[in-house]
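Structure, as structure tokens:
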Amino acid sequence: MTDALRLPVRSENATLVLRPEGELDVNTAAQLQSWLDDYLARGPRPATLVDLSGLTFVDSPGLAALLEMRRRLTGEGAVVAYADPTPQPARLLRITGLAANLPVFDTLHEALRSLAVR
């Protein structure tokens, strides 16, 4: 496992797209939490899309960080969606049952289209 997690962002109209890159695990989950603290302090966009295509590995603390992100952003009135998970995160979402209960889209395009409709 690595201690480096990159968190590039870009805008798609009113949606902020976060594309974590690397491993989201016990060693890097705090980086995502810190990013989220800063994002909330600046005032989040109406919609946030987490593009999971850059994650090579997610463990339970990483998954907890993604769920905490959703909880905190929706608590601020924002909409959150996830898209394009690589095989390992997709499997983790599936076996935990979260894929059935979270807005997880197969492609970035589908997710952006869904968020634009809201």
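- No side-chain donor from either of Thr15 and Asn13 sits under 3.5 Å from a side-chain acceptor of the other.
- For the pair Ser114 (side chain) and Glu110 (backbone), a donor-acceptor distance under 3.5 Å is absent.
- For the side chain to side chain contact (heavy atoms under 4.5 Å, CB included) with Glu23, the lone residue among Asn27, Asp25, Val26 that qualifies is Asp25.
- Ser53 places no side-chain N or O within donor-acceptor distance of the main-chain N or O of Asp84, the cut-off being under 3.5 Å.
- Scanning all heavy atoms of the two residues, the minimum distance from Pro44 to Glu76 falls at CG-CB, 4.3 Å.
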Inset, instruction - Test side-chain contact (heavy atoms from CB on, under 4.5 Å) on Val104 and Leu98 and set out the steps. - result: CA-CA 9 Å; Val104 179; Leu98 291 170; over 6 Å; no
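- Taking Glu21 as the reference, Arg6, Arg19 meet the salt bridge (charged side-chain N to carboxylate O under 4.0 Å, His left out) condition, with sequence neighbours excluded.
- Of the charged side-chain nitrogens involved, at least one lies within less than 4.0 Å of a carboxylate oxygen, so that Arg71 and Glu68 count as a salt-bridged pair.
- Side-chain N or O atoms of Thr56 include one that pairs as donor or acceptor with a backbone N or O of Gly22 at under 3.5 Å.
- Across all non-hydrogen atoms, the minimal contact from Pro89 to Val58 is CG-CG2, 3.7 Å.
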Legend entry - side-chain contact (heavy atoms from CB on, under 4.5 Å) between Leu18 and Met69, worked out: CA-CA 11 Å; Leu18 170 67; Met69 171 185 277; 3.6 Å; yes
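- A donor-acceptor pair under 3.5 Å is formed between the side chain of Tyr82 and the backbone N or O of Leu66.
- Counting only heavy atoms from C-beta outward, the side chains of Leu63 and Leu93 approach each other to under 4.5 Å.
- Inspection of the Thr48 and Arg70 side chains reveals no N or O donor paired with an N or O acceptor under 3.5 Å.
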Inset, instruction - Under the side-chain contact (heavy atoms from CB on, under 4.5 Å) rule, what do Leu73 and Leu36 come out as? Steps first, then yes or no, please. - result: CA-CA 9 Å; Leu73 286 169; Leu36 179 60; 4.0 Å; yes
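- Side-chain contact between Arg72 and Asp37 is present, with at least one heavy-atom pair separated by less than 4.5 Å.
- Minimum heavy-atom separation, Ala83 to Ala111: CB-CB, 3.8 Å.
- Residues Val80 and Pro103 share a closest heavy-atom pair of O-CG, 3.1 Å.
- Between Leu49 and Leu112 the shortest side-chain heavy-atom distance falls below 4.5 Å.
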Inset, instruction - Evaluate side-chain contact (heavy atoms from CB on, under 4.5 Å) for Leu5 paired with Leu55, printing each intermediate quantity in order. - result: CA-CA 9 Å; Leu5 178 69; Leu55 288 176; 4.0 Å; yes
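- At distances below 3.5 Å, not a single donor-acceptor pair connects side-chain atoms of Ser34 with backbone N or O atoms of Ala30.
- When every heavy atom of Ala47 is checked against every heavy atom of Tyr39, the shortest pair comes out as O-OH, 4.3 Å.
- Contact between Gln33 and Ala65 at its shortest, heavy atoms only, is NE2-CA, 3.5 Å.
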